[in-house]
Amino acid sequence: SRMSVSSSHTKCWLLDSIGSLGSDAEIPYVAQHLYEADEDQLVGIIIADCAARSLDSLTHGEIGLPQPGGIYDPSSRIRKARKWWEDTAKSRFR
């Protein structure tokens with residue numbers, strides 16, 4: 001319920017918590033937040049990037065997001081997580 005009314009910072013904290021403490025059951029819920037970048041550009045990108053990090057944690061690195069360092073490009077991380085979801089996990093977690 002907090003995700004629907006919270007600030008982008010709170011949403012990211014919640015997604016990070018799910019990534020750290022959650023299980024496979026949360027993967028479809030987190031994945032839906034990958035697509036918030038299409039709504040409000042800046043806030044959506046922030047939330048979608050947090051969702052990508054959370055999914056990578058939940059899958060124990062299966063997505064293969066780059067480690068922090070170098071030039072920060074959230075759009076490439078979001079694209080990679082979306083591709084993983086659409087190609088791999090979407091059918092697995094119906």
Side-chain angles (χ1 to χ4, degrees):
S1 66
R2 284 290 205 200
M3 290 296 285
S4 63
V5 295
S6 298
S7 71
S8 60
H9 289 95
T10 302
K11 287 180 180 183
C12 279
W13 290 330
L14 291 168
L15 288 167
D16 287 342
S17 295
I18 293 169
S20 297
L21 303 171
S23 67
D24 284 358
E26 281 81 40
I27 288 175
Y29 175 76
V30 173
Q32 74 184 358
H33 296 287
L34 292 171
Y35 299 91
E36 292 199 23
D38 296 332
E39 295 170 10
D40 176 339
Q41 194 62 15
L42 181 57
V43 171
I45 288 171
I46 292 168
I47 294 168
D49 188 42
C50 291
R53 281 196 325 262
S54 179
L55 282 175
D56 205 43
S57 291
L58 286 170
T59 62
H60 308 285
E62 185 178 324
I63 298 170
L65 295 182
Q67 294 299 315
I71 297 173
Y72 178 69
D73 180 14
S75 61
S76 68
R77 295 163 51 93
I78 295 165
R79 280 192 307 272
K80 190 167 189 172
R82 283 179 178 176
K83 181 164 178 36
W84 174 84
W85 172 246
E86 293 164 2
D87 293 349
T88 307
K90 202 172 192 176
S91 61
R92 197 166 70 185
F93 294 99
R94 288 184 189 239

Can you sort out the partners of [X] under side chain to side chain contact (heavy atoms under 4.5 Å, CB included), two or more places apart, ordered by chain and number?
X: Ala51; value: Leu15, Val30, His33, Leu34
X: Ser57; value: none
X: Ser76; value: Asp73, Arg79

Straight-line distance of [X] [atom1] to [Y] [atom2], nearest 0.5 Å:
X: Leu55; Y: Cys50; atom1: CG; atom2: SG; value: 11.5 Å
X: Ser7; Y: Ile46; atom1: OG; atom2: CD1; value: 10.0 Å
X: Asp87; Y: Arg82; atom1: CG; atom2: CZ; value: 13.0 Å
X: Ile45; Y: Asp49; atom1: CD1; atom2: CG; value: 9.0 Å
X: Ile27; Y: Trp84; atom1: CD1; atom2: CH2; value: 4.5 Å

For [X], check salt bridge (Lys or Arg N to Asp or Glu O under 4.0 Å) against everything at least two apart and list the hits.
X: Lys80; answer: none
X: Asp16; answer: Arg53
X: Glu86; answer: none

query = Going only through I, L, V, M, F, W and Y residues with side-chain contacts under 4.5 Å, is there a path from Val43 to Trp13?
reply =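 Val43 does not cluster with Trp13.
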
message = Looking at every non-hydrogen atom in both residues, tell me the closest pair between Ala81 and Ala52 and how far apart they are.
response = CB-CB, 3.7 Å

message = Checking Ser23 now: which residues fulfil side-chain hydrogen bond (donor to acceptor under 3.5 Å, both in side chains) with it, not counting sequence neighbours?
response =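 With sequence neighbours excluded, Ser23 shows a side-chain hydrogen bond (donor to acceptor under 3.5 Å, both in side chains) to Glu26, given in chain and number order.
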
message = Using the side-chain contact (heavy atoms from CB on, under 4.5 Å) definition, which of the options Asp56, Thr88, Leu58 pairs with Ile63?
response = Asp56

